[in-house]
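Start at 1 and go down the list; that is how both ligands and their atoms are numbered.
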Amino acid sequence: MNEKRYGMILIVSGPSGSGKSTLCNAMFKEFTGLEFSVSCTTRAPRGGERDGVEYHFLSREQFEKHIRQDDFLEYANVHGNFYGTLKSEVYDRTERGTDVLLDIDVQGALSIRKRFAADPVFGPRLESVFIAPPSYTELERRLRGRGTDAEESILKRLANSKHEMTFWREYQYVIVNGELTEAQQAFSHLIHSLRTKSARYKEAPFHEA
Ligand code: 5GP
C-alpha cells in the first residue's frame with residue numbers, strides 16, 4: 001500500500017492452460033500491497049473453495065439484485081454461469097493505494113474498458129495484461145495433462161481458449177508463459193513499472209523542499 005498514490009486495477013485474462021492462476025499467485029506472494037479481487041459467481045464451489053476467499057458464491061437471485069443495484073464494475077456469463085466484479089472490491093482499496101488484481105475473462109475486460117476507460121475515477125487506475133501460452137499445441141498438451149477431464153470437456157475448453165486467444169491485442173501488455181520463472185520475472189517487472197506511473201500519484205512521491 002502506498003498512500004501517496006491510487007492503486008491500480010490490474011486486469012489479468014488468459015485462457016485456461018495459460019498458467020494464469022499460478023502466475024497471479026506468485027505475484028501475491030512477491031508483492032505487498034497487491035490484493036486479489038474476490039468475484040461473485042453463481043457457479044457451485046469446487047472442492048476446497050471457500051465462500052469469500054476464492055469467490056463470493058451467490059444464488060442467481062442475489063446476483064441479479066447486485067445487477068439491479070449497479071454494484072458491479074462488470075459481469076459476464078462464462079460457460080453458462082454468471083461472474084462479476086463488485087465495485088466495492090476495488091474502490092476503497094485503490095483509493096488507499098492498494099493495487100487490486102482482477103482475474104476475469106475477456107468479455108469482462110472489454111466491458112470494463114468500454115464503460116470506465118474515460119471515467120475520471122476508475123479510468124486512470126486501469127491496467128490490463130494478457131497471459132498467453134507459447135502455442136496452441138502447448139495449450140492442448142497442458143489441458144490434457146490435467147488428466148481427469150472428459151474428452152468432450154477438453155475439446156470445449158480448447159475451443160474457448162482458442163477463441164479467447166484472439167483477443168490478446170485488446171490488452172495493454174502480453175506475457176507469454178513458456179518457461180514459468182521467465183514469465184514470472186516479466187510479470188514482476190511489469191508490476192514494478194506500473195507502480196511508477198506518475199498519473200496515479202495524488203501528491204509528489206518525493207520531498208518538495
Ligand atoms: P472458474 O469457474 O474456472 O473459476 O473461472 C472461469 C472463468 O471466469 C475464468 O476465465 C475467470 O477468469 C473468469 N472470471 C472469474 N471471475 C470473473 C469475474 O468477476 N468477471 C468475469 N467477467 N470473469 C470472471
Side-chain angles (χ1 to χ4, degrees), residues 8-28 35-60 62-67 69-91 93-94 99-117 122 125-133 139 142-143 145-150 152-168 170-171 173-175 177 187:
M8 64 179 137
I9 299 171
L10 181 58
I11 298 171
V12 184
S13 303
S16 63
S18 63
K20 177 182 59 169
S21 311
T22 310
L23 279 173
C24 290
N25 286 331
M27 295 307 106
F28 293 128
E35 295 180 2
F36 180 60
S37 160
V38 180
S39 292
C40 295
T41 184
T42 59
R43 84 150 161 76
R46 294 188 192 119
E49 284 183 336
R50 294 145 297 173
D51 187 37
V53 179
E54 284 81 9
Y55 284 105
H56 300 294
F57 293 99
L58 303 184
S59 67
R60 185 72 180 251
Q62 290 170 314
F63 198 98
E64 281 170 357
K65 190 168 175 214
H66 280 307
I67 297 177
Q69 291 173 176
D70 194 25
D71 293 336
F72 287 120
L73 196 62
E74 62 76 35
Y75 67 93
N77 188 317
V78 187
H79 315 142
N81 288 301
F82 281 102
Y83 292 81
T85 308
L86 289 170
K87 290 176 187 167
S88 59
E89 283 287 319
V90 301
Y91 181 72
R93 287 190 281 179
T94 54
D99 297 316
V100 180
L101 187 153
L102 277 55
D103 171 349
I104 64 176
D105 85 322
V106 167
Q107 305 172 67
L110 294 181
S111 125
I112 290 185
R113 194 180 66 190
K114 193 167 157 203
R115 199 168 153 205
F116 293 103
F122 288 110
R125 299 180 196 185
L126 297 177
E127 300 291 353
S128 62
V129 54
F130 191 84
I131 311 289
L139 184 75
R142 289 181 190 172
L143 284 178
R146 292 182 183 178
T148 49
D149 297 320
E152 192 191 342
S153 123
I154 292 176
L155 291 177
K156 193 176 158 199
R157 278 207 280 152
L158 209 54
N160 279 333
S161 294
K162 283 196 174 184
H163 178 67
E164 285 214 352
M165 292 281 293
T166 63
F167 290 91
W168 66 276
E170 303 292 334
Y171 293 73
Y173 305 95
V174 57
I175 293 174
N177 184 12
F187 203 175

Query - Pair listing, side-chain hydrogen bond (donor to acceptor under 3.5 Å, both in side chains) test, anchored in residues 39-48, at least two apart - result: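 Every pair satisfying side-chain hydrogen bond (donor to acceptor under 3.5 Å, both in side chains) with a residue in residues 39-48: Arg43-Glu49, Arg43-Tyr83.
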Do side-chain atoms of [X] reach the backbone of [Y] as a donor and acceptor pair under 3.5 angstrom?
{"X": "Arg93", "Y": "Glu89", "answer": "yes"}
{"X": "Asn177", "Y": "Ser18", "answer": "yes"}
{"X": "Glu164", "Y": "Asn160", "answer": "no"}

Query - Protein residues having a heavy atom less than 4.0 Å from any atom of ligand 1 - result: Lys20, Ser39, Arg43, Arg46, Tyr55, Glu74, Ala76, Val78, Tyr83, Gly84, Thr85, Asp103, Ile104, Asp105, Gly108
Query raised in the report: Taking NZ, NE, NH1 and NH2 as the nitrogens, is one of them in Lys87 or Asp70 under 4.0 Å from a carboxylate oxygen of the other?
Result: yes
Query raised in the report: Is it true that Glu152 and Lys156 have a side-chain N and a carboxylate O under 4.0 angstrom from each other?
Result: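 No, Glu152 and Lys156 are not salt-bridged.
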